[in-house]
Amino acid sequence: MIKANKGKRFQQAVDAVEEFLKKLKAKQEQNSGDDKGKKEGKSKKPAGERKRKSSVSGPGSPTKKSRDQSPRKRGRPPKEDKDGSPPQPSSLKKLAMKTVSRFSWPPPTSEEDSAGDSWLLHRHRTLGSEMVLKKPSVTYQAISKRLKVSEEDTGSTSIQAADSTAINGNITPTDKKIGFLGLGLMGSGIVSNLLKMGHTVTVWNRTAEKNAAGGIHSEVCDPEEDGQCDLFIQEGAHLGRTPAEVVSTCDITFACVADPTAAKDLVLGPSGVLQGIRPGKCYVDMSTVDPETVMELAQVIVSRGGRFLEAPVAGNQQLSNDGMLMILAAGDHGVYEDCSSCFQAMGRTSFFLGEVGNAARMMLIINMVQGSFMATIAEGMTLAQVTGQSQQTLLDILIQSQLSSVFLDQKCQNILQGNFKPDFYLKYIQKDLRLAIALGDSVNHPTPMAAAANEVYKRAKALDQSDNDMSAVYRAYIH
């Protein structure tokens with residue numbers, strides 16, 4: 001019953017049902033024990049009494065004969081019949097039994113037992129039970145039937161959690177030391193969920209100020225965001241002085257920064273990641289950048305004996321806080337497996353897409369579609385306004401149509417309320433559109449819709465909307 005789009009309230013309801021069933025089962029066991037004791041007490045009668053009763057009620061006894069021949073009176077059934085009938089389960093218990101039965105798995109075949117051990121799957125929590133695949137000795141076909149693991153021609157696989165594991169909390173954190181570089185809108189939520197799930201985390205935040213050479217100006221947290229670092233330290237995080245220090249002291253280091261320039265500075269700049277890389281150290285870049293940048297970073301990390309994984313995330317600040325992001329990963333599959341508990345803490349779904357560069361390409365395509373859709377929403381809302389139509393009515397109709405989505409509803413509400421508090425910065429979606437257009441150019445593929453949307457976002461940036469939510473692109477149409 002638990003799906004990926006179900007939230008915390010649904011999980012609480014399921015927990016309440018499970019608690020009810022436990023109490024009901026305990027009560028039934030107690031009642032059955034009492035009944036058994038009563039029956040045993042009745043059966044222990046004196047031998048003389050049993051003998052007298054048998055002699056009186058023998059085969060030829062007129063009392064027994066008359067009782068057998070007399071018809072049964074209408075009304076309540078005899079006590080023996082009533083006690084002999086099994087109790088009927090309540091409708092709630094029937095529902096639970098029916099639901100749990102849907103998750104019964106067939107016994108593994110010999111073909112499954114002979115498969116390799118390269119799979120590491122999330123824990124799935126179901127109503128009244130928990131199913132865990134700890135031993136990855138199953139074939140791809142069996143996994144695809146049981147957990148909807150998809151594989152494309154590119155060799156991509158996905159691991160889907162039944163619900164946000166940051167909400168239901170059934171995660172066994174890795175014993176590896178985790179580092180995290182970058183505490184922006186996305187990074188802050190990710191670190192918070194890693195700490196909540198019991199991971200050991202060392203944090204460092206990139207400064208907003210840079211020197212003329214383009215390097216990292218400060219070796220500590222941004223002075224404007226010291227409070228953010230202090231908050232994580234209070235929650236149990238350690239503070240790293242430089243990216244190099246974090247990487248050298250941690251087993252796996254994640255990074256989530258704004259753009260390709262920031263991603264390169266973090267690795268190649270003074271006291272950067274590259275200076276702390278040692279053989280066996282893992283570096284996971286979660287920034288949304290172009291394929292060329294991520295392949296360059298992978299090359300320099302691997303050249304120092306490090307292990308590299310790209311893992312950009314799809315979502316927004318709210319999804320990051322809720323631990324419901326979608327992770328697209330590519331590169332070292334061993335690192336992907338080592339990051340399993342971390343990905344469960346920060347997201348509801350993760351995909352492995354093969355070689356380095358594939359995740360960057362896929363993320364740019366996704367954000368290209370999202371950015372273009374947002375520009376179309378803004379265009380429709382302004383067209384409704386100038387033609388005398390109600391924007392609220394337009395939203396009500398769209399929500400009832402095939403276009404209905406949480407994204408559509410939230411962004412339209414932003415426009416109706418004039419509230420453009422950033423959930424996904426407008427400047428970043430414009431950056432992603434620009435990179436997606438360049439990706440199309442690199443393979444001579446036309447992207448006219450993305451190009452048109454990009455021009456609208458550039459107009460919004462000229463109107464000082466860069467640091468507002470992407471829905472502020474609406475203002476490009478009304479000015």
Side-chain angles (χ1 to χ4, degrees), residues 1-42 76-108 121-135 143 145-149 159-173 189 192-199 318-319 321-325 340-341 343-350 404 406 409:
M1 289 180 66
I2 300 178
K3 301 296 182 182
N5 61 345
K6 294 296 190 300
K8 186 173 182 179
R9 292 180 182 273
F10 185 87
Q11 180 61 51
Q12 291 173 345
V14 171
D15 291 339
V17 172
E18 290 179 339
E19 184 65 23
F20 173 82
L21 293 177
K22 289 178 181 177
K23 292 181 179 179
L24 184 63
K25 183 178 180 181
K27 186 176 180 180
Q28 290 177 343
E29 290 177 351
Q30 182 180 359
N31 292 340
S32 63
D34 294 342
D35 293 342
K36 185 177 180 181
K38 291 179 180 179
K39 291 180 179 179
E40 290 177 354
K42 290 181 180 180
R76 293 185 179 180
K79 186 174 181 180
E80 292 76 14
D81 294 343
K82 183 177 180 181
D83 293 340
S85 61
Q88 296 297 320
S90 65
S91 58
L92 182 61
K93 189 170 183 180
K94 287 180 179 178
L95 174 61
M97 293 167 63
K98 181 178 180 182
T99 305
V100 174
S101 65
R102 294 175 183 169
F103 291 95
S104 59
W105 289 355
L121 301 179
H122 286 185
R123 175 176 295 195
H124 287 242
R125 182 173 182 178
T126 64
L127 181 62
S129 65
E130 286 191 357
M131 299 181 294
V132 188
L133 286 183
K134 292 184 178 178
K135 185 178 179 181
I143 296 173
K145 291 179 181 178
R146 296 175 181 177
L147 297 179
K148 299 181 180 178
V149 178
I159 300 178
Q160 300 188 9
D163 199 348
S164 170
T165 45
I167 292 177
N168 64 39
N170 57 350
I171 297 173
T172 302
S192 179
N193 282 313
L194 287 173
L195 291 171
K196 287 177 184 177
M197 294 301 108
H199 294 84
Q318 186 60 51
L319 293 176
N321 294 339
D322 293 343
M324 296 290 283
L325 294 170
S340 176
S341 70
F343 288 159
Q344 290 179 61
M346 67 181 72
R348 60 185 173 88
T349 309
S350 62
S404 177
V406 174
D409 185 32

Approximate separation, where rounding is to 0.5 Å, of I171 CD1 and M346 CE: 9.5 Å

Any residue meeting side chain to side chain contact (heavy atoms under 4.5 Å, CB included) with L319, in chain and number order, not counting sequence neighbours: N316, M324, L325

S341 to T172 - nearest heavy-atom pair and separation: CB-O, 3.5 Å

Main-chain N/O of L194 paired with H199 side-chain donor or acceptor, under 3.5 Å: yes

Minimum heavy-atom distance D322-N193, with the two atoms named: C-ND2, 4.1 Å

Rounded distance (nearest 0.5 Å) linking atom CD of E19 with atom NZ of K22: 6.0 Å

